[in-house]
Structures are given as C-alpha cells and as structure tokens.
Amino acid sequence: MSESLVLVLNCGSSSLKFAIIDSSSGDQVLQGLAERLFSNEAQLIVKIDGEKTVYKINQADHAVAINKLVAVIRGIEGLSARISAVGHRVVHGGEFFRASTLITDQVIDTLRQVEHLAPLHNPANLLGILAARDAFPTLPHTAVFDTAFHQSMPAKAYIYPLPYELYIHHGVRRYGFHGTSYRYISTQAAQMLGKPEADTALVIAHLGNGASVAAVEGGKGLDTSMGMTPNEGVVHGTRCGSIDPSIHEYLCQRLDIGIEEVHDILWKQSGLLGLSGISNDCRTIEEAAAKEHSRSQLALEVYSYRLAKEIASLVVPLGRLDALVFTGGIGENSSLIRAEVLQQLRFLGIELDSAANEHCIRGNSGLISRAGSTAALVIPTNEELMIAQDAAAFIA
Ligand code: ADP
C-alpha cells in the first residue's frame with residue numbers, strides 16, 4: 001500500500017491535539033498537543049518516535065499554535081511535502097452534515113451558522129480550519145463531525161417532548177456525539193464477530209471523560225445517550241448527565257446564583273468529581289474506593305448503575321443484541337466498571353469471562369464474555385485514524 005500522510009487536527013476550547021498519520025497503514029509519524037492556549041503557560045509538545053520536544057508559545061491562540069506546528073513540520077526534512085491532506089475534527093455539524101465533507105468557503109459559512117450549538121468547541125474548530133487552510137492552501141481539507149453519525153436517528157429518537165417550535169426555530173433536538181468513534185468501533189466489532197457490518201446489532205459504550213452509549217444497527221446510529229449537548233445521558237468525569245431539569249431553577253433560587261453558575265456546577269463540578277469529591281479520574285477513584293473511601297465507592301456504584309440502565313434502554317431500538325462493546329479510556333481499561341456493569345446486565349444473556357476481562361486493558365482488545373453467551377467486547381477506539389481515512393478519501 002502506498003503512503004498517504006494526513007495531518008489530523010483536533011482543536012478544543014483551549015487545546016489543540018494533532019497527529020500525522022499514514023491513512024493506509026495507520027502508522028503515526030508525529031503526534032502531540034498544544035495546551036493551555038491563551039495563557040502564559042501555553043506550550044506545544046511534539047512527539048516523534050517516542051521523543052518529546054516542548055516549545056513555549058506564550059499567550060498563543062489556535063492560529064499561533066498551528067503556525068508553530070507548521071514551522072516544526074517544515075523543519076523536518078521532506079515531511080511537509082509528504083502530507084497530502086488535512087483532516088479536521090469538528091464537534092457539531094447540526095443537521096447540515098450527515099457525513100464528512102470537503103471544506104469549501106460554503107462549508108465554512110454553514111459552520112458559522114451552527115456555531116451557537118457548540119459555543120465552546122465549534123469556534124475553536126473553525127479557527128483551526130482557517131489557520132490550517134492558510135498554512136496548506138493547496139491541500140484538500142476535510143471536516144469530520146462528531147454529530148454526523150447520529151443523523152440517521154429517527155425523529156422519535158431525536159425530538160424532545162418540548163414545544164415543537166423550539167426544534168423548528170431554534171434547533172432544540174438531540175444530536176449525539178462521539179460519532180467518529182462509533183463508526184470505527186462498529187466496523188471493528190463486525191470483524192471480530194465475523195459478520196458483515198450490515199447484519200450487526202450493537203450497543204457501544206464510549207467511556208472517556210465524556211461518556212456516551214449508542215445503539216448501532218448495520219453501521220448506522222439508531223439512538224444515543226448524549227443529546228443537544230454532550231451532557232445528557234450517563235455520568236461523565238465532571239458533567240452530571242441526565243438529571244431532573246427543574247434542578248436548575250431550584251439551585252438558582254436556593255443558592256441565589258445565576259444560570260451561568262448552575263451551568264458551571266452541572267458541567268464542571270458534577271459527575272465522578274462531584275460524587276467522589278476527590279477526582280474526575282476513574283483510576284484515582286478506583287484506588288480510593290479500594291481503600292474504603294465511601295464517596296468514591298458511591299461514585300462507582302452510581303456510574304455503573306446508570307450506565308447499565310442506559311445500555312439496557314438502548315437495546316430497545318435494536319430489538320436484539322449481537323454485542324455490547326466497551327471503548328474510551330474507562331471502557332478500554334477499567335475491568336472493574338465493566339464487571340460491575342455486566343453483573344447488572346446478566347438478563348441480556350451476557351456471561352462475563354473474568355480472566356478475559358482482566359486481560360483486556362492497555363490496548364488489548366477482545367471478547368470478555370463466555371463462549372455461547374451474548375458477546376461483550378473491548379475495542380480500543382481510533383478516532384484519529386477515521387479522520388485520516390476520511391480526509392484521504394478526498395485526495396483528488
Ligand atoms: P477523553 O474523553 O478526554 O478522550 P479518555 O478516553 O482518554 O478521555 O478517558 C479518560 C478516562 O479513562 C479517565 O477517567 C481515566 O481515569 C480513565 N482511565 C484510563 N486508564 C484507566 C485505568 N487503567 N483504569 C480505570 N480508568 C482508566
């Protein structure tokens with residue numbers, strides 16, 4: 001297979017993750033991160049063959065970080081000329097994008113129209129796109145959306161029981177996220193199950209700092225736990241997931257605070273962090289729980305219980321289940337959470353293979369259920385490779 005290098009860019013609100021990936025082999029030539037943008041601690045970290053170089057980029061914004069990255073790339077002999085496409089992760093595509101798309105001026109205008117749906121992420125995504133187009137004007141640039149995969153959801157799954165006009169005039173509906181990961185995992189799961197993807201019925205749990213679950217049939221999203229924003233659904237690292245919407249008003253009145261502060265509580269001080277009181281990091285909480293820290297034990301119980309309930313509910317749109325798949329940092333590494341969840345889902349016919357469950361950590365993929373029972377799988381996700389492959393598909 002001939003080499004096809006793609007620069008993959010993922011602009012967060014104050015960070016930029018990047019990689020140069022061979023979309024044919026999946027090999028990463030270079031990878032890294034620009035973090036703490038807009039601050040005096042802003043820095044660009046570039047890793048090549050495991051060797052890390054750190055560049056100080058005081059007060060840099062996304063454009064400055066990208067320009068520094070481009071300078072680093074140009075400083076590596078012959079590398080820049082080998083890059084044949086740029087792939088951009090874009091969080092929200094609204095209802096406009098059902099698939100990855102080549103970025104044109106018209107696409108940029110459309111992205112501006114959906115900026116209000118993801119005010120923290122989409123403006124940063126757009127800044128990255130504009131800076132990278134300036135730096136690589138002759139290369140094709142592709143936008144790969146977190147939401148696109150879920151555009152196949154039927155109306156009954158994406159409409160909230162609110163006044164319908166709020167959907168029509170203000171876009172208030174469920175969109176779903178982590179779509180790039182679901183697309184990758186669905187294909188991989190079909191291979192592991194030895195079935196054509198078109199015949200598969202999967203529930204996939206992507207459990208990272210943000211966590212979601214999706215029902216995927218024949219490679220298409222039928223329903224998912226995240227909604228209008230990436231807060232709905234299961235418990236996250238610092239976000240609360242689904243709660244009674246009237247809690248907002250109650251907190252405003254009871255604590256005499258404004259909606260922004262309530263938002264801060266529900267997005268940054270809740271989830272595993274709020275429950276445990278010590279960390280949003282699942283590893284830290286597992287360690288504390290093992291030492292009888294009761295709030296950490298409660299955090300793991302709430303997390304697993306709510307997750308099991310969400311998984312069970314997402315079997316409804318499928319009507320059957322070929323496999324439950326775990327992915328994301330927690331899904332790929334926490335044998336404890338997986339065991340707790342599967343224990344509560346035995347009625348689905350999944351029988352845990354404890355030895356296999358302990359084996360599937362740190363990048364090991366495989367079946368963690370007993371032969372003959374409904375399958376449970378662990379599959380490490382690879383969103384960067386998906387973005388690289390989508391971008392490579394647009395090389396003329
Ligand atoms: P992001 O959503 O930021 O991409 P990740 O997919 O990297 O996040 O997942 C981060 C989560 O994975 C953290 O909660 C971290 O504690 C958890 N995690 C990573 N390794 C382990 C492990 N060995 N055991 C339990 N949780 C783990």
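For ligands, and for the atoms within them, numbers begin at 1 and follow the listed sequence. Excluded from the calculations below are hydrogen atoms, water molecules and symmetry mates; all remaining heavy atoms, backbone and side chain alike, are included.
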| task | Would you please indicate yes or no on a ring centroid separation below 6.0 angstrom for Phe145 and His92? | result | no

| message | Assess whether a salt bridge exists between Glu3 and Arg82, defined as any Lys/Arg side-chain N lying under 4.0 Å from an Asp/Glu carboxylate O. | response | yes

| said: Just to confirm my output: which protein heavy-atom neighbour is closest to atom 24 (N) of ligand 1, and how far is it? | reply: Arg283 CG, 3.5 Å

| message | If only side-chain N and O atoms count, and only distance matters, is there a donor-acceptor pair under 3.5 Å linking Gln28 with Gln31? | response | yes

| query | Which atoms of ligand 1 have any heavy atom of Ser334 under 4.0 Å away? | reply | 25 (C)

| Between Lys17 and ligand 1, does any nitrogen or oxygen pair lie at a separation below 3.5 Å? | no

| query | For the rings on His150 and Tyr182, is their centre-to-centre separation under 6.0 Å? | reply | yes

| request: Mind checking whether Glu286 contacts ligand 1 via backbone (N, CA, C, O), side chain (CB onward), both or neither, at a 4.0 Å heavy-atom cut-off? | output: side chain

| field | Closest to atom 11 (C) of ligand 1 (judged by heavy-atom distance), picking from Thr327, Ile330, Leu336, Thr381 | value | Ile330

| field | Under 3.5 Å: donor-acceptor pair, side chain of Arg98, backbone of Gln151 | value | yes

| query | Is Leu207 in polar range of ligand 1, meaning some N or O pair under 3.5 Å apart? | reply | no

| said: Is it the case that the side chain of Thr327 and the backbone of Ile379 share a donor-acceptor pair, with hydrogens and angles ignored and the cut-off at 3.5 Å? | reply: yes

| task | Note the single closest protein heavy atom to atom 26 (N) of ligand 1, along with its residue, its atom name and the distance in Å. | result | Cys282 CB, 3.6 Å

| Of Gly329, Gly210, Ser181, which has the heavy atom at the shortest distance from atom 6 (O) of ligand 1? | Gly329

| Passing option when Leu111 is tested against Val90, Thr101, Ile103 for side-chain contact (heavy atoms from CB on, under 4.5 Å) | Val90

| message | With the threshold set strictly below 4.0 angstrom, can you tell me whether any protein non-hydrogen atom sits that near atom 1 (P) of ligand 1? | response | yes

| task | Could you check atom 8 (O) of ligand 1 against the protein and tell me its nearest heavy-atom contact, residue, atom and distance included? | result | Asn209 N, 3.3 Å

| remark: atom 16 (O) of ligand 1 has as its nearest protein heavy atom Asp281 OD1, 2.4 Å

| request: For the pair His236 (side chain) and Asn231 (backbone), establish whether a donor and an acceptor sit closer than 3.5 Å, ignoring hydrogens and angles. | output: yes

| field | Nearest protein heavy atom with distance in Å, relative to atom 23 (N) of ligand 1 | value | Asn333 CB, 3.4 Å

